[in-house]
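Report on one structure; see the data block that follows.
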Amino acid sequence: MSASRIKTLKSCSFLYWAKYVLKLYDTTNEGAQRGTVIHTVFECLMKPRHKHHFKAITKKGSIVASKVVSRYVETYIRKLGMSDGTFKKIDGMIMQGLNNDFFCKGGKIVGVELEFDLKSEDPLYRIMGYIDRITHYDGKFSRIQDWKSSSKPFT
């Protein structure tokens with residue numbers, strides 16, 4: 001189970017059942033909707049062919065510096081019927097991620113959206129999920145990132 005799934009199960013077993021067993025999509029969860037948009041933008045900007053968008057956005061301090069990224073975000077906001085002020089929130093969250101060592105200086109990004117499945121017999125557990133990004137640094141250590149984009153800090 002991912003950290004998000006464990007948190008959901010701990011807070012409300014019925015919500016967990018609806019989301020992860022029945023696979024019902026919660027269209028009222030604007031945090032999840034924002035997360036989908038932000039994750040997609042991050043994944044695209046990590047591709048070398050899109051680095052010019054990254055440079056323009058970070059130079060200006062806003063996604064409005066890239067017509068493509070800005071239009072993508074605006075389209076999803078309209079499509080999902082998200083509330084006023086959502087563009088500004090998404091812009092701020094994207095900027096936070098881009099300004100936080102986005103390209104992992106000194107490291108090598110070895111994977112994006114990697115699925116993992118950890119099992120143990122003693123103690124007995126199994127954890128499955130996705131790693132948003134993993135970076136290796138000179139064989140000394142690795143950095144695992146899990147981007148969060150909800151309306152409140154993840155606890």
Exercise. Which pair of non-hydrogen atoms, one from A65 and one from A56, has the smallest distance, and what is that distance?
Worked result: CB-O, 3.3 Å
For this session: Give a yes or no on whether the backbone of S62 and the side-chain of D91 come within a donor-acceptor separation of less than 3.5 Å.
Result: no
For this session: Go through the steps to decide whether R143 and R133 satisfy the test side-chain contact (heavy atoms from CB on, under 4.5 Å), and finish with yes or no.
Result: CA-CA 8 Å; R143 182 168 107 183; R133 179 171 63 197; 4.1 Å; yes
For this session: Taking atom OH of Y137 as the centre, report whether more than 12 heavy atoms of other residues, nucleotides or ligands fall under 6.0 Å from it.
Result: yes
Exercise. Can you tell me how far the NZ atom of K19 sits from the SG atom of C12, to the nearest 0.5 Å?
Worked result: 10.5 Å
Problem set entry | Check: Q96 main-chain N/O paired with N100 side-chain donor or acceptor under 3.5 Å | no
Exercise. Quick one: CE on M46 to CZ on F102, what's the gap to the nearest 0.5 Å?
Worked result: 5.0 Å
For this session: Determine whether more than 12 heavy atoms belonging to other residues, nucleotides or ligands lie under 6.0 Å from atom CG of D117.
Result: yes
Exercise. How many angstroms lie between CG in D132 and CD in E113, if you round to the nearest 0.5 Å?
Worked result: 5.0 Å
Exercise. Going through the checks in order, is the side-chain contact (heavy atoms from CB on, under 4.5 Å) test met by Y20 and L9?
Worked result: CA-CA 10 Å; Y20 299 110; L9 179 59; over 6 Å; no
For this session: Measure from the side-chain N and O atoms of S70 to the backbone N and O of S66, and report whether any donor-acceptor pair falls under 3.5 Å.
Result: no
Exercise. Does a sphere of radius 6.0 Å around CZ in F54 hold more than 12 heavy atoms from other residues, nucleotides or ligands, not counting ones at 6.0 Å or beyond?
Worked result: yes
